There are 2 protein chains.
Amino acid sequence: MGEAAAALDEWTERQKDVLDAVLDLLVTGGDAVTTAAIARKANCSKETLYKWFGDRDGLLAATVRWQASRVRAGNFDAQHLDASQLRESLEAFAINWLTVISSRTSIALNRVGISHAGSGKSSLGRMVLANGRFAIGERLKPLLEAGRANGLLAFDDTEATFRTFFGLVGRDVQIRLLLGDRLETTEAEIARDAARATQQFFALYGAPQTQKPLQGRI
Amino acid sequence: MGEAAAALDEWTERQKDVLDAVLDLLVTGGDAVTTAAIARKANCSKETLYKWFGDRDGLLAATVRWQASRVRAGNFDAQHLDASQLRESLEAFAINWLTVISSRTSIALNRVGISHAGSGKSSLGRMVLANGRFAIGERLKPLLEAGRANGLLAFDDTEATFRTFFGLVGRDVQIRLLLGDRLETTEAEIARDAARATQQFFALYGAPQTQKPLQGRI
DNA sequence: TCCGAACCGTACCGTACGGTACAGAATTCG
DNA sequence: CGAATTCTGTACCGTACGGTACGGTTCGGA
């Protein structure tokens, strides 16, 4: 939230163009993402790159933040939920999440973060994690808790419940894509998987069908 | 199966020592896994490395195969299953899988495969995938189908069912570890998670408690 | 119109690393 | 024992790449 706003005006338009160039290079995995290639693609000098972003890692970190600041989908309003609204919201979350992790951008950034995490300096990995797995968690948890408050869901541990939802939605998709598996992720496929995951989630955590107390409405 | 046997006698003892050295270097992520470092650690010359394994990628590929050939756990016998045996077997699978993906070796090899997949040449990624995600799938599916044949499980698509089990067990563990998250994965924690995943899996795919026909017993 | 700041393009430097060459030790085999 | 083979250790080569230096250009402000 504050994070996203900060990232949005943290750089000038010209600098954002540079970050977009980095993203382009990352996504088209063909050629290596060298500082020279970045400067060429962005029509700027390497010296400017280093002046603005410090070093290559700083540039990559800025790119992660920049992409993250763009991705935030609007939060879902979780007041006066009924069962079908909750189901729709969960399904929308699942669709959104599957779409994100299937995107070439997400795959490329996760690969960069993982490579860095393997090289000791794990700050990029933590950043990807914060803007991926943990960001979606913080956005989904209020919805889960609203569902519980309205008697639609039954669970004790919000974190554990979210992790189960995460597993039901993601399954093996992310690791397969990261490892280069060709996995057709069409929109229709994603919608079907999101619906299945949501249904399974309700089977596990849906509250038993009791007459829910008409709280507040006289 | 044949793969494992092939890998076991594909190299001499001396060569296996070299591959173990590569694994050691990969696991202790501190220093880069250069050919010079490998030769130093294995007390052999770089020239021998190139003679035996072709080039650096061939050496890494051989290391993946070598590690995979060691990991295979004994298959589970899936005859005359009753419910508690099935549950135990599934839980054992889950424990085994969680233990593997939490190991420093698995994390390091997956990181290498992912990095390679990002650099165009995806053969290493596919190899890690074949010996990880797909190997566990091929080993688990017979158990699922035996459970169905014995009336303990109800599902149509074996692959889809396995993927759900995979998601319930793995959740966010692998991506978090790959991205450098410190995630305590004690034996007790793994056992608890495996039990929870198995229970959830039965809740989704357990056959309704009918009197199962006493097939074969008079 | 002039000045200075920011920036582009290119050239350059140092180092790290994959891969090769080679001399000498170890080992095998007749 | 001697010849041939295989291996080790080290030195070496070429290249790729992160980072720096610098001359030339654009552009905003006085």
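Order of the sequence lines fixes the chain letters, A, B, ..., with proteins taken first and strands second; residue numbering starts at 1 for each chain. For clarity, every value in this text was computed on a predicted model and none was experimentally measured.
The nearest whole Å value for the distance from the CD atom in B/Gln15 to the P atom in D/dT6 is 13 Å. Between the CG atom of A/Asp17 and the C1' atom of C/dA6 there is a distance of 16 Å, rounded to whole Å. Taking atom NZ on B/Lys51 and atom P on D/dT8, their separation rounds to 10 Å, with Å as the unit. In this structure, CG of A/Leu25 is placed 16 Å from C1' of D/dG18, rounded to the nearest angstrom. Atoms CG (A/Asn43) and C1' (D/dT25) sit 15 Å apart, rounded to a whole Å. In this structure, B/Arg40 places its CZ atom 11 Å from P of C/dG18, rounding to the nearest Å. Atoms CG (B/Leu49) and P (D/dT6) sit 17 Å apart, rounded to a whole Å.
Of the candidate nucleotides C/dG18, D/dG19, D/dT6, C/dG18 has the atom lying nearest to any side-chain atom of B/Thr35. Comparing D/dG9, C/dG18, D/dG19 by their closest approach to the side chain of B/Arg56 singles out C/dG18.
A salt bridge is absent between B/Arg133 and A/Asp181; no separation between the charged side-chain nitrogens and carboxylate oxygens falls under 4.0 Å. By the 4.0 Å N-to-carboxylate-O rule, A/Arg196 lies too far from A/Glu189 to be salt-bridged with it.
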Item to check | B/Ser106 and B/Ser103: CA distance, side-chain angles, deciding distance, side chain to side chain donor-acceptor pair (under 3.5 Å) verdict | outcome: CA-CA 5 Å; B/Ser106 164; B/Ser103 70; 4.6 Å; no
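Listed by first then second residue, pairs satisfying ring pair (Phe, Tyr, Trp, His ring centres under 6.0 Å) with a partner in residues 171-191 of chain A number zero, not counting sequence neighbours.
The side-chain hydrogen bond (donor to acceptor under 3.5 Å, both in side chains) test with A/Asp20 singles out one residue from A/Gln67, A/Gln15, A/Arg70, and that residue is A/Arg70.
OP1 or OP2 of C/dC8 has at least one side-chain nitrogen or oxygen of A/Arg14 nearer than 4.0 Å. Contact check, A/Trp52 against C/dC7: a side-chain N or O comes under 4.0 Å of OP1 or OP2.
The closest side-chain donor-acceptor pair between A/Glu145 and A/Thr158 falls under 3.5 angstrom.
B/Thr48 comes within contact range of at least one nucleobase, with a heavy-atom separation under 4.0 Å.
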Check the interface with nucleotides 20-24 of chain D: list each N/O to N/O pair with the protein under 3.5 Å, or write none.
unit_1 : atom_1 : unit_2  : atom_2 : d
D/dC22 : N4     : A/Glu47 : OE1    : 2.0
D/dC22 : N4     : A/Glu47 : OE2    : 3.4

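When each of B/Ala42 and A/Ala32 is assigned the nucleotide of DNA chain D with its nearest heavy atom, B/Ala42 is the one assigned upstream, toward the 5' end.
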Could you tabulate the donor-acceptor pairs under 3.5 Å formed by side-chain atoms of residues 33-43 of chain A, not counting sequence neighbours?
unit_1  : atom_1 : unit_2  : atom_2 : d
A/Thr34 : OG1    : A/Ala37 : N      : 3.0

